[in-house]
Every structure is written in C-alpha cells, then in structure tokens.
Amino acid sequence: MWRRIIYHPEVNYALRQTLVLCLPVALGWLAGDLQKGLLFSLVPACCNIAGLDTPHKRFFKRLIVGGSLFALGSFLIQWLTLHAIPLPLILFAMPLLLGVTGEISPLHGRLLPGTLIAAIFTLSLIGRMPIYVTPLLYIGGTLWYGIFNWFWFWLWKEQPMRESLSLIYRELANYCDAKYTLLTQLTDPEKALPPLLAHQQKVVDLINTCYQQMHMLSASRDHSHKRLTRAFQVALDLQEHISVSLHRPEEVQKLVEQSHAEAVIRWNAKTISARLRVLADNILYHQLPDRFAMDKQLGALEKIAHQHPDNPVGNFCLYHFNRIARVLRTQKPLYQRDLMADRQRRLPLLPALRSYLSFRSSALRTAGRFAVMLMLGSALALFFNIPKPYWILMTIMFVSQNGYSATRVRIQHRALGTFAGLVIAAATLRLAVPESLVLLIMLAITFISYRFTRQFYGWSMIGFTVTAVYSLQLLSLNGAQFLLPRLMDTLMGCLIAFGGMLWLWPQWQSGLLRQNAHDALETYQDALRLLLGDEQSPEKLAYQRVKVNQAHNALFNSLNQAMQEPAFNSRYLTDMRLWVTHSQFIVEHINAITILAREHTMLTASLAQRYLQSCEIALQRCQQRLEYDGESSQVNLLDDLENISEGPITVVEQHVRRILDHLSVMYTISSLAWNQRPQHGRWLIRRLRKN
C-alpha cells in the first residue's frame with residue numbers, strides 16, 4: 001500500500017513541493033523568525049516557473065544560471081527604481097533583454113518568466129530591507145531548492161521517467177481499447193476516427209516527452225536507466241503495431257457477419273490492454289511483472305483466419321497481435337534503436353542573439369508580449385495610485401500560456417479560484433486561531449493544493465489563495481485589508497493577459513496550419529524515399545517513422561487549437577479536419593510499410609522506383625495546392641500504375657496504392673480549403689515561408 005501512496009505521481013509531486021516550501025517556514029518558526037522563513041519559502045515559486053526542478057544532466061549548471069538571473073533581476077529593479085526610472089519603462093526593457101534565453105532552447109526559455117516573477121516579487125520588498133538582501137535571498141533560496149530537489153531525485157531515482165513511461169503504457173491501453181471497440185463503426189469515419197486520432201495524439205505527445213527526458217538525462221549512456229530504456233523501446237514497438245490499420249471496413253463487416261470474429265478480436269484487444277495497464281503500474285510502483293501468455297486468444301483468432309483465408313482482416317489482426325504478444329511476453333523490443341539519434345543542440349549565445357534580433361523570432365514575440373503587458377499593468381497601477389502593483393503583474397505572468405485556448409482556460413480558473421479563496425479567507429480570518437494551528441492548516445492546504453494543481457488548477461488556486469492571505473497576515477497582520485484589492489488586482493491582471501494573448505503578436509495555430517501541413521507532407525516524402533529506396537537500416541527507418549508521427553501530431557495539435565480560436569473561418573477548418581484525417585491514414589500506412597521493410601518483404605528496385613516517383617509527384621502536387629491556387633492537372637496516378645506489376649499485388653503495393661488514394665483526396669480537399677481560406681494577414685501571402 002505504501003508504494004501506491006509514495007510513488008503515485010501527484011502525491012510524490014505534492015510531497016516534494018510542500019516540503020521544499022514548508023521546511024524553511026518550520027525552521028524560521030522554530031528559530032523565532034517566522035517572517036524570514038515565509039519570505040525564504042517564496043523563492044521556490046520562481047524556481048518552479050523557471051523549470052529548475054527538471055531532472056537534467058546539467059542540473060547544477062542550470063541552477064547557477066537561474067539563481068544568478070533571479071538575483072540580477074531583483075537587483076536591477078531595486079537599483080533602477082531608486083534612480084527614479086519609471087516602473088513601466090523598467091518592465092518594458094527587462095523582458096526584451098532576457099528574452100534571448102528562449103532562442104537558446106525551450107528549457108532555457110522558461111528562465112524568462114521565472115526571472116520576471118522574481119523581479120516583480122521584489123517590488124513588494126523595496127524599502128523594507130537593504131538592496132543587497134533580496135538578491136542574496138534569491139541566491140540562498142535557489143541553492144536550497146536545488147539541493148533539496150537533487151536529494152529528492154537521488155532518493156526516488158528514475159521516478160520522473162517512470163511516471164512518463166507509465167502514462168505511455170496506460171494511454172496505449174486506452175488506444176487499443178478504443179480502436180477495437182470501434183471495429184465495426186469504421187464505415188462512418190466522421191464519428192469513429194476523431195476519438196482514435198485523439199488517443200494517437202496523446203500517445204505521441206507522451207513519447208516525445210519521454211524522449212526529451214531521456215535526452216536530458218543522457219539515459220542511453222547511464223547503466224542505471226537500462227531497464228527504463230528497454231521499456232521505452234518496447235513502448236515504441238507497441239505503438240507501431242497498435243496504430244497500424246487495415247482500412248478495409250467492408251472486409252471487416254463481411255468477416256463479422258460470417259463469423260464470431262468481432263468477439264474474438266475484442267477478446268485479444270482486451271487482454272492486451274489489461275496487460276498494458278498492469279505493466280504501467282509495475283513501472284510506476286517499482287514492481288517486477290508476472291508471466292504473461294495469450295495463447296488461447298491467439299489460437300481462437302488463428303482458427304478464424306484459417307476458416308476465412310480470402311478475408312485479409314483475420315491474418316492482419318493475427319500478425320499484429322502475435323507481435324504485440326511477443327513483446328509483452330518477453331519484455332524485450334523487437335530490435336534495438338539508437339534513441340539519441342536526434343540529439344538536441346543548444347544554440348551558443350551569439351548565434352542565438354542574432355536569431356533573436358529577427359522579427360520572425362518567436363522568442364522575440366513572446367518577450368515583446370510580456371514587455372507590453374507588464375508595461376501596461378504598471379502604467380494602470382500608477383494611474384490608480386497603486387504604489388506596488390506586484391499582484392497585478394504576477395497574475396499576468398502566471399496566467400499567460402503559449403496559446404490562446406490555454407491562456408483563456410487558465411484565466412478562468414485563476415479568477416474563479418482566487419475569488420473562492422478570498423471568500424473562504426475572509427470568513428476564517430475572524431476566527432481566533434493560534435499561530436501553530438494556522439501553520440499546520442496551511443501545511444495541509446498546501447499539500448492538498450499541490451496534489452490537484454496539475455489536474456485541477458482552479459481548485460488548487462482556492463487553496464493557494466487562502467495560504468497567500470494567511471502568509472500576509474503572519475507577515476504584516478494585514479490579511480483582511482488584502483482581500484478586496486487583491487481580487488481587483490487579479491481581475492485586472494487577467495484582463496491584461498487575455499488582451500495581450502488576443503492582440504499582441506498572437507501565435508495563432510490557425511495561421512500555422514498550412515505550414516504544418518506542408519511540413520508533414522515533406523516528412524512523409526522523406527519516409528517514403530527511405531522505405532522505397534536502398535536504405536535498409538532499421539534504426540534509420542524507425543527514427544523516420546517517429547518523425548512522421550511527430551509531424552502529423554504537430555499538425556493535429558494545430559488543428560485542435562485552431563478550432564478553439566475566436567473569429568476564424570469554420571468552413572476552412574472543417575475542410576482541413578478532413579485533410580488531417582486522410583493524413584492520419586497515410587501515417588498508419590507508413591507505420592505498416594516500416595514493419596514490412598524490417599522483415600525484407602519489399603518490392604523490386606525498379607517497381608519501388610516507379611511507386612516512389614508516383615508518390616513524390618502526388619505529395620508535391622498536394623504541397624503546391626497548399627501554397628497557392630495555381631493551374632491544376634487532373635492526373636490519376638493510379639491509372640499509370642495499373643500495368644506495372646505482374647501477378648498479384650503485394651501487401652506493400654496495397655499500402656502504397658492506398659497512400660496514393662489518400663493523397664488524391666487530400667489534393668481535392670486542398671483545392672476546396674483554399675477557396676474557404678481567410679482573406680487577411682499572412683493568408684494573403686501566396687508562398688509559404690518559415691517563421
């Protein structure tokens with residue numbers, strides 16, 4: 001039972017965050033200086049925003065850089081304020097100067113909001129202590145935060161990777177269940193495919209997250225991570241075979257009508273998904289898996305395949321379920337991969353600075369958005385005679401997310417959670433409660449809030465608001481005076497953040513949709529060149545397959561976010577949703593051909609070259625149609641391929657021909673979507689170009 005508690009991801013996270021915050025408070029209280037303990041405990045909030053708790057092979061180097069930036073931001077805002085520099089000007093310049101971190105790498109980019117929050121929090125301490133104390137407070141707090149997290153990750157070694165792997169296996173189980181539950185509904189793709197696309201998206205997102213963790217920890221060179229590396233390779237094999245589809249709904253329906261195949265196939269799928277959930281728990285809770293076999297299920301499926309040899313569905317399911325069962329039984333990947341082939345390289349500072357000074361830089365746009373929002377927030381505070389507008393500015397920083405939809409949801413949760421928390425705090429401040437009991441209640445609220453913050457941000461904000469009110473009450477005995485002004489500050493900060501995300505250089509995913517579709521087609525072309533060319537390296541084929549899944553996933557994410565953006569052309573998005581559906585079919589066919597390529601069941605060189613030329617022509621036509629509405633040639637590429645193959649068509653040829661079918665449909669959809677496109681902004685540009 002204790003394993004279920006201590007290794008549970010949310011409990012483990014909540015326990016770590018609560019201890020790193022509350023231990024300084026407890027030490028300050030025992031030493032008779034509670035106020036300094038409370039101030040010291042606020043530094044971890046900046047470290048969390050900056051991602052300094054991310055396990056990394058350069059953990060302490062990032063810690064030194066982060067602590068130095070926090071101290072620099074704190075010193076600058078005090079020194080410039082003392083020299084009568086207007087606060088709006090200071091807050092406009094600081095994000096632009098620090099924004100270059102986002103150009104170095106995404107993880108370095110998180111240092112910008114963390115440093116800004118450190119500088120903003122310093123506003124509340126100006127005049128209360130010497131100018132050098134606050135930078136030293138940040139340096140000491142960051143050092144404490146780093147040492148504690150290093151010890152925690154040493155104590156629970158591998159836990160972050162175990163959590164990610166467990167989520168992958170659990171989502172693969174959900175994907176397998178959903179896919180074979182909808183087995184007879186594939187004749188209506190409008191209803192059956194969206195849930196499967198959502199599951200596929202989650203799986204690929206989790207694989208990307210786990211891959212990044214392995215890269216940051218250099219897991220391939222760490223012998224202590226060997227078992228987890230093997231489990232990740234097993235997950236890649238499972239995703240490969242689960243995501244492959246036959247796309248013959250008429251054959252499925254025929255087999256279901258002629259036999260009890262539906263029940264047998266679902267029996268196999270249920271057995272696989274149940275095993276995947278057991279393995280997810282074993283990985284997360286450090287348990288050894290028990291023996292596994294599904295001979296009865298596979299035997300029943302084999303009988304159906306022999307009874308209906310003309311129907312491809314039985315043999316298709318038997319082949320892939322056999323491979324999945326083998327992987328689950330042996331707990332070994334089908335073949336070894338070079339997981340570190342895509343080593344991310346950080347840009348050195350000078351090249352990053354050159355890239356940052358371009359108007360196309362997303363890091364510059366992000367820094368500019370923060371600069372304008374913070375300048376506006378501080379200017380409004382001066383207008384309303386608010387001397388230290390730290391709460392407005394911190395609200396802007398906390399609710400600002402990468403996209404419109406995420407920012408809107410975060411604003412709703414924060415505003416409602418703050419309001420509810422202030423109501424609860426107002427009702428309880430009237431009670432005469434001893435200080436020791438208040439601290440114990442704050443400890444419990446902090447733990448519960450962190451337990452739910454990653455899943456239910458709005459509910460956790462209630463607890464965080466209550467603890468913030470009581471912290472101010474313990475610091476300066478003005479918790480009651482804090483209530484109404486902080487509610488108004490929160491609403492003002494949320495409105496500024498929403499306006500900034502809506503109007504200040506918004507990174508609309510709808511605008512990136514064409515480019516992501518173009519990039520996905522280019523990735524498919526690279527994959528087909530490897531598969532139908534002379535390349536026989538399993539590692540390269542597998543890596544390109546992962547890139548194909550990632551490219552389609554980026555496209556799918558763009559479409560989902562675009563569907564939630566305001567005032568956008570819904571007819572264009574409807575057409576593109578159908579386009580993305582056919583793109584998913586191509587991804588699954590590429591998955592299938594990759595499996596066949598490893599088993600050397602490919603085409604002859606001349607035949608493969610003919611098919612490759614046809615695929616490249618079809619892909620380039622789709623790319624051109626996405627770029628502009630030029631002259632079109634109604635060419636049916638399949639007509640030219642009818643007589644090039646003598647004898648029966650092989651399985652690989654079937655997959656390639658279906659890819660060509662989907663590309664033909666996508667070409668037609670692109671023509672319709674172009675006519676429905678918006679008539680403003682970057683949509684007026686005929687040629688695509690990188691941001």
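For the single chain, residues carry numbers from 1 onward in sequence order.
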Charged tip of Arg454 within 45° of Tyr13 ring normal and under 6.0 Å: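 Cation-pi check for Arg454 and Tyr13: passes.
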Arg266 NZ/CZ over Tyr180 ring centroid, <6.0 Å and within 45° of normal: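 Not satisfied by the 6.0 Å and 45° rule.
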Spell out, as yes or no, whether a donor-acceptor pair under 3.5 Å connects the side chain of [X] to the backbone of [Y].
X	Y	answer
Arg162	Ile283	yes
Ser664	Leu660	no
Asn315	Ala305	no
Thr271	Trp267	yes
Asn553	Asn549	no
Ser164	Met161	no
Asn12	His8	no

So do [Y] and [X] actually touch side chain to side chain, heavy atoms under 4.5 Å?
X	Y	answer
Leu559	Trp579	no
Leu607	Glu653	yes
Gln200	Ser243	yes
Val327	His241	no
Asn282	Tyr169	no
Leu238	Leu328	yes
Leu301	Asn322	no
Leu528	Glu616	no

Interatomic spacing from [atom1] in [X] to [atom2] in [Y] - rounded to 0.5 Å:
X	Y	atom1	atom2	result
Ile168	Leu279	CD1	CG	13.0 Å
Ser273	Lys179	OG	NZ	13.5 Å
Ser362	Glu103	OG	CD	6.0 Å
Arg529	Leu619	CZ	CG	9.0 Å
Gln258	Asn311	CD	CG	7.0 Å
Ile265	Ile304	CD1	CD1	7.0 Å

Minimum heavy-atom separation for [X] and [Y], please, with both atom names.
X	Y	answer
Val234	Lys332	CG2-C, 3.7 Å
Gln550	Asn208	NE2-OD1, 2.7 Å
Ala269	Cys176	O-SG, 3.8 Å
Pro160	Gln213	O-OE1, 3.6 Å
Ile207	Leu236	CG2-CD2, 3.8 Å
Ala618	Leu663	CB-CD1, 3.6 Å

[X] with [Y]: basic N within carboxylate O range, under 4.0 Å:
X	Y	answer
Asp237	Arg326	no
Asp661	Arg658	no
Asp526	Lys547	no
Arg323	Glu240	no

Criterion side chain to side chain contact (heavy atoms under 4.5 Å, CB included) on Ile595 and Asn591, from CA distance to verdict: CA-CA 7 Å; Ile595 296 170; Asn591 288 344; 5.6 Å; no
Worked verdict on Ile593 versus Ile659 for side chain to side chain contact (heavy atoms under 4.5 Å, CB included): CA-CA 11 Å; Ile593 299 174; Ile659 288 174; 4.0 Å; yes
Stepwise side chain to side chain donor-acceptor pair (under 3.5 Å) check, Asn174 with Arg277: CA-CA 9 Å; Asn174 296 337; Arg277 292 188 177 95; 2.8 Å; yes
From CA spacing to verdict: side chain to side chain contact (heavy atoms under 4.5 Å, CB included), Gln544, Thr523: CA-CA 8 Å; Gln544 187 62 37; Thr523 310; 3.6 Å; yes
Ring centroid separation His589 to Phe585 under 6.0 Å: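 When the ring centroids of His589 and Phe585 are compared, they turn out to be at least 6.0 Å apart.
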Test item: side-chain donor near acceptor, Arg545 and Gln239, under 3.5 Å: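 Their side chains do contain a donor-acceptor pair, which is all the 3.5 Å distance test asks for.
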Glu262 and Leu255: CA distance, side-chain angles, deciding distance, side chain to side chain contact (heavy atoms under 4.5 Å, CB included) verdict: CA-CA 8 Å; Glu262 183 176 6; Leu255 185 64; over 6 Å; no
Greater than 12 external heavy atoms within 6.0 Å of His286's NE2: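 Yes - once you tally the heavy atoms of other residues, nucleotides and ligands closer than 6.0 Å, there are more than 12.
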Test log, rule side chain to side chain donor-acceptor pair (under 3.5 Å), inputs Gln584 and Glu588: CA-CA 6 Å; Gln584 173 65 25; Glu588 294 178 1; 2.9 Å; yes
Identified side chain to side chain donor-acceptor pair (under 3.5 Å) counterpart of Glu171 within the set His199, Gln201, Lys202: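 Of His199, Gln201, Lys202, side chain to side chain donor-acceptor pair (under 3.5 Å) with Glu171 is met by His199 alone.
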For Ser583, side chain to side chain donor-acceptor pair (under 3.5 Å) partners two or more places apart: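 Applying side chain to side chain donor-acceptor pair (under 3.5 Å) to Ser583 gives Tyr524, His552.
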